[in-house]
Amino acid sequence: MGNLEGKIILITGAAKGMGAVEAGMAVERGATVILSDVIDGQLEATANALNSPFAHLDVTSKSDWGNTITQMMNDYGRIDGLVNNAGIFIQKTLFDDSADAFEAMAKVNQLGTYLGIECVAPIMREQKSGSIVNISSVAGLRGQRNIGYVASKFAVTGMTKAVALQLAKFNVRCNSVHPGAISTDMALGLGPSDVELLTSRTPMGRIGEPEEVSETVMFLLSDAASYLTGAEIAVDGGFIL
Ligand SMILES: NC(=O)c1ccc[n+]([C@@H]2O[C@H](COP(=O)([O-])OP(=O)(O)OC[C@H]3O[C@@H](n4cnc5c(N)ncnc54)[C@H](O)[C@@H]3O)[C@@H](O)[C@H]2O)c1
């Protein structure tokens with residue numbers, strides 16, 4: 001029996017990368033996982049491989065959130081876990097005329113996370129149980145050059161604490177996970193020299209695998225983390241030390 005047996009869990013950005021690995025691991029551990037994303041073909045293929053339901057959910061769209069959550073409540077009658085994993089990274093710094101990138105990252109990474117929380121919070125409060133896991137970044141714990149990404153990920157860190165505070169008395173937990181450089185399209189897309197730089201700045205001397213982040217996400221979704229809320233957990237090979 002897995003530690004997520006019987007749980008109903010929604011994961012955003014689950015077509016590929018860390019979200020897809022989290023989905024696979026949660027299914028293995030007994031959960032029913034609804035995979036969601038905006039890249040429909042890949043989403044369907046990933047969900048089908050797991051024999052799992054899926055939903056087109058653009059995290060910036062309030063109506064997409066409404067449709068997905070309504071469907072989940074019709075199908076299962078409850079929601080035990082939400083992983084706000086969808087995110088984008090646009091490589092721009094302060095002197096790159098970066099306002100558009102700043103806004104785009106604020107929309108997906110910050111607003112997208114907020115909209116998900118806004119949708120599930122009343123349901124979890126009513127159930128008197130639930131776990132929300134927000135995927136921030138090491139860029140949500142300390143400064144980096146990409147001002148828009150850092151701003152959006154610090155926002156996720158802060159929101160997590162506000163939500164944890166407000167929902168704790170209803171037995172609903174909210175925590176943030178802060179990956180370092182992880183081997184997905186997002187980090188690998190930076191190119192070999194940047195990946196090498198990140199590796200050299202990581203005390204463990206390597207970038208991480210999506211499975212290593214997913215293990216922490218599984219723990220936070222599970223009842224084993226029953227007294228853990230408002231925490232920020234870095235899974236980064238020591239990057240922020
Ligand atoms: N890879 C890393 O090194 C790293 C480090 C720290 C944090 N993160 C964070 O981890 C999370 C997962 O990223 P990843 O590394 O798997 O990258 P990825 O690019 O492989 O996956 C991101 C997923 O989010 C989806 N997405 C993008 N915009 C969306 C939207 N508006 N609505 C719904 N889905 C959307 C994409 O389609 C994609 O499937 C992100 O929040 C990212 O910021 C990644």
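Computation of the quantities below employed the complete heavy-atom set of this structure, encompassing side-chain atoms and omitting hydrogens, waters and symmetry-equivalent molecules. Start at 1 and go down the list; that is how both ligands and their atoms are numbered.
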Answer yes or no for [X]: is there a heavy-atom contact with ligand 1 below 4.0 Å?
X: Ser136; value: yes
X: Thr12; value: no
X: Ala181; value: yes
X: His178; value: no
X: Pro210; value: no

Considering only NZ, NE, NH1 and NH2 on the basic side and carboxylate oxygens on the acidic side, decide whether [X] and [Y] come within less than 4.0 Å.
X: Asp223; Y: Lys7; result: yes
X: Arg206; Y: Glu212; result: yes
X: Arg29; Y: Glu215; result: yes

Output the list of atoms in ligand 1 that are nearer than 4.0 Å to some heavy atom of [X], sorted by atom number.
X: Ile88; value: 27 (C), 28 (N)
X: Leu57; value: 32 (N), 33 (C)
X: Gly87; value: 22 (C), 24 (O), 27 (C), 40 (C), 41 (O)
X: Asn85; value: 11 (C), 12 (C), 40 (C), 41 (O)

Could you say whether the N/O atoms of [X] and ligand 1 ever approach to under 3.5 Å?
X: Val59; result: yes
X: Ser137; result: no
X: Met18; result: yes
X: Asp37; result: yes
X: Ile182; result: yes

Looking only at the side chains, is there a donor atom on one of [X] and [Y] sitting less than 3.5 Å from an acceptor on the other?
X: Thr12; Y: Asn84; answer: no
X: Thr60; Y: Asp58; answer: yes
X: Gln71; Y: Asp75; answer: yes
X: Tyr114; Y: Gln110; answer: no

Report task. Would you indicate which of Asn84, Thr46, Thr184 comes nearest to atom 14 (P) of ligand 1 when only heavy atoms are counted? Result -> Thr184
Query raised in the report: At their closest point, which heavy atom of Val27 faces which heavy atom of Ser52, and how far apart are they?
Result: CG2-OG, 3.6 Å
Query raised in the report: Which atom names give the shortest non-hydrogen contact between Ile9 and Ala31, and what distance separates them?
Result: CD1-CB, 3.7 Å
Query raised in the report: Starting from atom 13 (O) of ligand 1, which protein heavy atom do you reach first, and at what distance in Å?
Result: Met186 CE, 3.9 Å
Requested in this report: Spell out, as yes or no, whether a donor-acceptor pair under 3.5 Å connects the side chain of Ser137 to the backbone of His178.
Outcome: no
